[in-house]
Amino acid sequence: MERKGETFLLTEISASEWKKIEPINYTALLITSPFCATCSLAEKMVEEAMNIERQTDIYKLNLQLAPEFAREHKIQSVPMLLLFYRQTPVGRLSPIKNPANILHFLAAYNNH
């Protein structure tokens, strides 16, 4: 995640970079495609949610560059927000409707 002033922005990572991350708690991946208009909107909504909920690190993954990741996680549509506890997938959010929808999804897991 990048900070721009006090605003958090999504950082795009590759599937191989994702495998190297060793989160202690919850981490999320916004799965997108560069040719998806809805993905651009979802990215803005996720960034807005990130500026409210700062417990969960969220990264962006371009699915076009990660076909093996797509097969492994059975991703059939974008945008999708995948939530992991450490490296284990625990939830997926699709469709992404609004920042409140994202916050509710993350809170359902982070409050356990």
Side-chain angles (χ1 to χ4, degrees):
M1 293 184 321
E2 295 177 28
R3 268 187 192 222
K4 188 178 182 183
E6 281 300 308
T7 304
F8 286 92
L9 301 174
L10 284 170
T11 300
E12 187 168 328
I13 63 172
S14 67
S16 60
E17 290 171 322
W18 168 250
K19 288 180 181 179
K20 294 176 187 172
I21 292 176
E22 295 181 16
I24 322 172
N25 290 313
Y26 290 98
T27 305
L29 273 178
L30 176 63
I31 312 301
T32 65
S33 173
F35 306 110
C36 164
T38 311
C39 294
S40 298
L41 294 171
E43 184 174 340
K44 289 179 177 118
M45 288 187 269
V46 168
E47 287 176 344
E48 192 175 320
M50 287 170 59
N51 285 294
I52 297 168
E53 197 275 36
R54 298 184 178 210
Q55 295 179 60
T56 307
D57 291 335
I58 304 175
Y59 300 92
K60 179 172 74 168
L61 179 74
N62 178 347
L63 199 61
Q64 298 291 319
L65 303 175
E68 186 178 308
F69 183 92
R71 281 189 297 281
E72 181 182 339
H73 294 283
K74 297 179 175 87
I75 297 169
Q76 297 178 347
S77 66
V78 292
M80 178 179 293
L81 190 62
L82 288 179
L83 186 65
F84 295 82
Y85 182 73
R86 303 193 178 183
Q87 282 283 345
T88 304
V90 293
R92 55 178 62 206
L93 179 64
S94 181
I96 297 171
K97 299 175 185 174
N98 54 51
N101 172 245
I102 297 163
L103 292 169
H104 180 74
F105 169 72
L106 295 174
Y109 293 92
N110 281 325
N111 292 333
H112 288 141

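Count residues from 1 along the sequence.
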Show the nearest heavy-atom pair for residues F69 and A15, with the distance to one decimal.
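Looking at all heavy atoms of both residues, the shortest contact is CB-CB, 4.3 Å.
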To check you understand the geometry: which heavy-atom pair defines the closest contact between L61 and S14, and what is its length?
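That closest heavy-atom pairing would be CD1-C, 3.6 Å.
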For [X], all residues meeting side-chain hydrogen bond (donor to acceptor under 3.5 Å, both in side chains), sequence neighbours excluded:
| X | result |
| --- | --- |
| E53 | T56, N110 |
| Q87 | W18 |
| S77 | none |
| S40 | none |

Can you name the residues that form a side chain to side chain contact (heavy atoms under 4.5 Å, CB included) with E72, not counting sequence neighbours?
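Checked E72 against side chain to side chain contact (heavy atoms under 4.5 Å, CB included); zero matches.
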Taking only residues two or more places apart in sequence, or in another chain, which ones meet E22 in a salt bridge (charged side-chain N to carboxylate O under 4.0 Å, His left out)?
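Partners of E22 under the salt bridge (charged side-chain N to carboxylate O under 4.0 Å, His left out) test: none.
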For E43, what residues pass the salt bridge (charged side-chain N to carboxylate O under 4.0 Å, His left out) criterion, not counting sequence neighbours?
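Per chain and number, E43 pairs via salt bridge (charged side-chain N to carboxylate O under 4.0 Å, His left out) with K60.
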Test log, rule side chain to side chain contact (heavy atoms under 4.5 Å, CB included), inputs I102 and M45:
CA-CA 8 Å; I102 297 163; M45 288 187 269; 3.9 Å; yes
Got a second to check how far [X]'s [atom1] is from [Y]'s [atom2], nearest 0.5 Å?
| X | Y | atom1 | atom2 | result |
| --- | --- | --- | --- | --- |
| D57 | L29 | CG | CG | 11.0 Å |
| L30 | M80 | CG | CE | 10.5 Å |
| I13 | N62 | CD1 | CG | 12.0 Å |
| L83 | Y26 | CG | OH | 7.0 Å |

Output a table of donor-acceptor pairs, distance under 3.5 Å, between side-chain atoms of residues 91-99 and any protein atom two or more places apart or on a different chain; print 'none' if there are none.
unit_1, atom_1, unit_2, atom_2, d
R92, NH1, K74, O, 3.4
R92, NH2, H73, O, 2.5
S94, OG, P79, O, 3.4
N98, OD1, A100, N, 3.1
N98, OD1, N101, N, 2.7

Would you mind listing every salt bridge (charged side-chain N to carboxylate O under 4.0 Å, His left out) that reaches into residues 75-86, with sequence neighbours excluded?
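Counting only pairs at least two positions apart or across chains, no salt bridge (charged side-chain N to carboxylate O under 4.0 Å, His left out) contact touches residues 75-86.
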Under a 4.5 Å side-chain heavy-atom rule over Ile, Leu, Val, Met, Phe, Trp and Tyr, are V78 and L65 clustered together?
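Cluster IDs for V78 and L65 differ.
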If hydrophobic residues (ILVMFWY) are linked whenever their side-chain heavy atoms come closer than 4.5 Å, directly or via other members, who joins I52 in its cluster?
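ILVMFWY cluster around I52 also holds L103.
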